[in-house]
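To start, the structure itself, in structure tokens.
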Amino acid sequence: MAKLPGPLVGPAEIQAMLGVGRSRARQIINQRNFPEPYQTLIGGSVWVRAEVEAWIKKHRQPRPPVSDDEDEPG
């Protein structure tokens, strides 16, 4: 049996990693520069988590932290 390259993620995990909805995650996954799936199964594709994390780090702008006290002067 071949050794896996590390943890795998599916579309739902990628959606959570990106912090976007399902439609936007699908748009991002379909971009030419997004990593290729590690494997495509009947239930859908899976990606190598480290490759997706590297892509996010390179291509996505960090989101500012959400503050609960936005009404208070800073």
Side-chain angles (χ1 to χ4, degrees):
M1 179 182 252
K3 185 177 177 187
L4 292 177
L8 303 176
V9 293
E13 290 85 5
I14 293 172
Q15 177 182 335
M17 292 166 72
L18 292 167
V20 298
R22 189 181 340 178
S23 295
R24 181 66 182 132
R26 189 177 317 250
Q27 289 173 344
I28 292 169
I29 287 168
N30 288 328
Q31 290 180 7
R32 290 183 182 181
N33 65 353
F34 196 79
E36 290 291 320
Y38 172 73
Q39 193 169 26
T40 300
L41 310 169
I42 291 174
S45 297
V46 291
W47 288 260
V48 176
R49 182 179 191 92
E51 291 177 4
V52 174
E53 288 172 339
W55 185 92
I56 290 170
K57 186 174 183 179
K58 182 177 179 181
H59 293 94
R60 299 287 289 182
Q61 295 293 322
R63 293 178 181 245
V66 177
S67 174
D68 289 336
D69 55 5
E70 289 185 17
D71 294 336
E72 294 179 21

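All of these numbers come straight from a predicted model, not from anything done at the bench.
- For the residue pair Val48 and Pro5, the shortest heavy atom distance occurs at CG2-CG, 3.5 Å.
- Taking CD1 of Ile29 as the reference point, atom CD of Gln15 lies at 8.5 Å (rounded to 0.5 Å).
- Remark: Phe34 CZ to Gln27 CD distance equals 13.0 Å, nearest 0.5 Å.
- From Glu36, atom CD reaches atom CD of Glu51 across 9.5 Å, with rounding to the nearest 0.5 Å.
- Here the NZ atom belonging to Lys58 is positioned 8.0 Å from the CG atom belonging to Asn33, to the nearest 0.5 angstrom.
- Closest approach of Tyr38 to Lys3, counting heavy atoms only: OH-O, 4.4 Å.
- With hydrogens and angles ignored, the 3.5 Å screen pairs a side-chain donor or acceptor of Glu13 with a backbone N or O of Gly10.
- Sorted by first then second residue, the side chain to side chain donor-acceptor pair (under 3.5 Å) pairs that include residues 40-50, not counting sequence neighbours, are Thr40-Ser45, Arg49-Glu53.
- Considering only heavy atoms from C-beta on, Met17 comes within 4.5 Å of Ile56 through its side chain.
- Looking at Ile14 and Trp55, their side chains never come closer than 4.5 Å, going by heavy atoms from C-beta outward.
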